[in-house]
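These notes concern the structure reproduced below.
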There are 2 protein chains.
Amino acid sequence: MRHDDRERKKGASEMLVLALLEGGDRHGYEIARRIGERSEGALRYGAASLYPLLYRLERRGLIDGRWVEKAGQRRRRFYRLTPAGRRELTRLRSDWRRFLDAVARVAELGRA
Amino acid sequence: MRHDDRERKKGASEMLVLALLEGGDRHGYEIARRIGERSEGALRYGAASLYPLLYRLERRGLIDGRWVEKAGQRRRRFYRLTPAGRRELTRLRSDWRRFLDAVARVAELGRA
DNA sequence: TCAGACATGTTGCATTACGACATATGCCGA
DNA sequence: TCGGCATATGTCGTAATGCAACATGTCTGA
């Protein structure tokens with residue numbers, strides 16, 4: 001992924017993770033995998049971006065994590081959206097929509 | 001401007017400035033003013049964000065600056081898009097379009 | 001058995017954006 | 001004429017994010 005993509009992604013990650021958890025509880029690795037899928041490879045997250053982000057979201061009370069260890073399965077930490085997380089997601093979506101529209105308009109990107 | 005906006009803006013600034021210079025040579029203060037106008041206040045740039053950004057773009061050869069001092073006018077530095085800047089703008093537009101679409105799709109923002 | 005996907009984690013660096021501060025001019029109204 | 005506001009450029013230090021590189025261990029299929 002190019003440097004510019006790196007900069008572009010700043011700030012979006014939080015919303016993307018929260019949005020994914022809206023569809024059900026997931027663990028970190030799966031969240032990253034699904035973001036990659038849904039974006040058809042346009043958005044990728046590695047461990048060094050993802051796990052610290054999940055801790056931040058948890059510390060802020062937007063998601064709740066719990067360890068799940070089943071016999072014959074690796075240990076995983078599943079996250080669930082908290083009510084505060086849901087509210088934050090709503091807010092983020094609205095802010096991002098405004099931001100995307102503004103960027104598209106100012107840069108004359110078209111199809112905004 | 002909230003903290004989140006700050007993060008969101010990362011990476012977009014470069015394209016916004018280049019896009020504005022497409023419409024003609026401008027000086028820093030005017031660039032900031034026009035971005036504010038075009039975005040209806042959604043995007044704002046202060047001196048501490050703008051001037052360092054202009055230097056970076058100039059150092060990278062994407063824009064060309066020249067001082068203009070007229071009697072009865074403050075000194076201003078006008079910038080012009082270089083051919084390399086134009087090429088970079090084209091590339092940035094395409095990358096951003098892809099990025100915006102991906103974010104909208106993954107976060108289910110709607111109206112993408 | 002060995003490679004590769006799965007799964008989580010840390011350290012340290014590069015980069016960006018900006019609040020606060022600094023400086024100076026032009027212009028308008030009280 | 002004096003004060004305040006918009007114009008115009010600039011710097012310093014800080015906060016925050018994203019990631020390459022590294023580290024550890026499990027499960028599965030060839």
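Letters go in sequence order (proteins before strands), and every chain restarts at 1.
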Which whole-number value in Å describes the distance from [X] [atom1] to [N] [atom2]?
{"X": "A/E30", "N": "D/dC27", "atom1": "CD", "atom2": "C1'", "answer": "17 Å"}
{"X": "A/Y55", "N": "C/dA7", "atom1": "OH", "atom2": "C1'", "answer": "11 Å"}
{"X": "A/Y79", "N": "C/dT8", "atom1": "OH", "atom2": "P", "answer": "8 Å"}
{"X": "A/I31", "N": "C/dG9", "atom1": "CD1", "atom2": "C1'", "answer": "15 Å"}
{"X": "B/L50", "N": "C/dC18", "atom1": "CG", "atom2": "C1'", "answer": "12 Å"}
{"X": "B/L53", "N": "C/dT15", "atom1": "CG", "atom2": "C1'", "answer": "12 Å"}
{"X": "B/E37", "N": "D/dA6", "atom1": "CD", "atom2": "P", "answer": "15 Å"}
{"X": "A/L92", "N": "D/dT17", "atom1": "CG", "atom2": "P", "answer": "12 Å"}

Here the ring-ring contact (aromatic ring centres under 6.0 Å, His included) pairs for residues 19-40 of chain A, sequence neighbours left out, are A/H27-A/F78
Has [X] got a side-chain atom pairing as donor or acceptor with [Y]'s backbone, closer than 3.5 angstrom?
{"X": "A/S94", "Y": "A/T90", "answer": "no"}
{"X": "B/R93", "Y": "A/A107", "answer": "yes"}
{"X": "A/T82", "Y": "A/D64", "answer": "no"}

How is A/F78 classified with respect to the nucleic acid when contacts are heavy atoms under 4.0 Å: base, sugar-phosphate, or nothing? nothing
- Base, sugar-phosphate, or nothing for A/R75, non-hydrogen atoms under 4.0 angstrom? sugar-phosphate
Chi angles and distances behind the salt bridge (Lys or Arg N to Asp or Glu O under 4.0 Å) call for A/R91, A/E88: CA-CA 5 Å; A/R91 221 194 48 129; A/E88 178 68 3; 3.4 Å; yes
Please confirm whether the shortest side-chain N or O distance from [X] to OP1 or OP2 of [N] is below 4.0 Å.
{"X": "A/R56", "N": "D/dA15", "result": "no"}
{"X": "A/R76", "N": "D/dC27", "result": "no"}
{"X": "A/Y51", "N": "C/dT8", "result": "yes"}
{"X": "B/S13", "N": "C/dA17", "result": "yes"}

Ordered by number, residues from residues 18-28 of chain A within less than 4.0 Å of DNA chain C (heavy atoms) are A/H27, A/G28
Between A/D101 and the options A/R97, A/R105, A/R98, the salt bridge (Lys or Arg N to Asp or Glu O under 4.0 Å) test singles out A/R97
Anything under 3.5 Å between a protein N or O and an N or O of nucleotides 21-24 of chain D, put it in a table, one pair a line.
none

Which nucleotide sits closest to the side chain of [X]: [options]?
{"X": "B/Y29", "options": "C/dT8, C/dC6, D/dT9", "answer": "D/dT9"}
{"X": "A/R74", "options": "C/dA7, D/dT17, C/dT10", "answer": "C/dA7"}
{"X": "B/P52", "options": "C/dT16, C/dG9, D/dT11", "answer": "D/dT11"}

The salt bridge (charged side-chain N to carboxylate O under 4.0 Å, His left out) partners of A/R56 (sequence neighbours excluded) come to none
Distance col, row A/E108:CD vs B/L89:CG, nearest 0.5 angstrom, shows 9.0 Å
Sequence neighbours excluded, the answer for side-chain contact (heavy atoms from CB on, under 4.5 Å) partners of A/R77 is A/E58, A/W67, A/Y79
For B/S39, the side-chain contact (heavy atoms from CB on, under 4.5 Å) test, sequence neighbours excluded, returns A/A102, A/V106, B/A42, B/L43
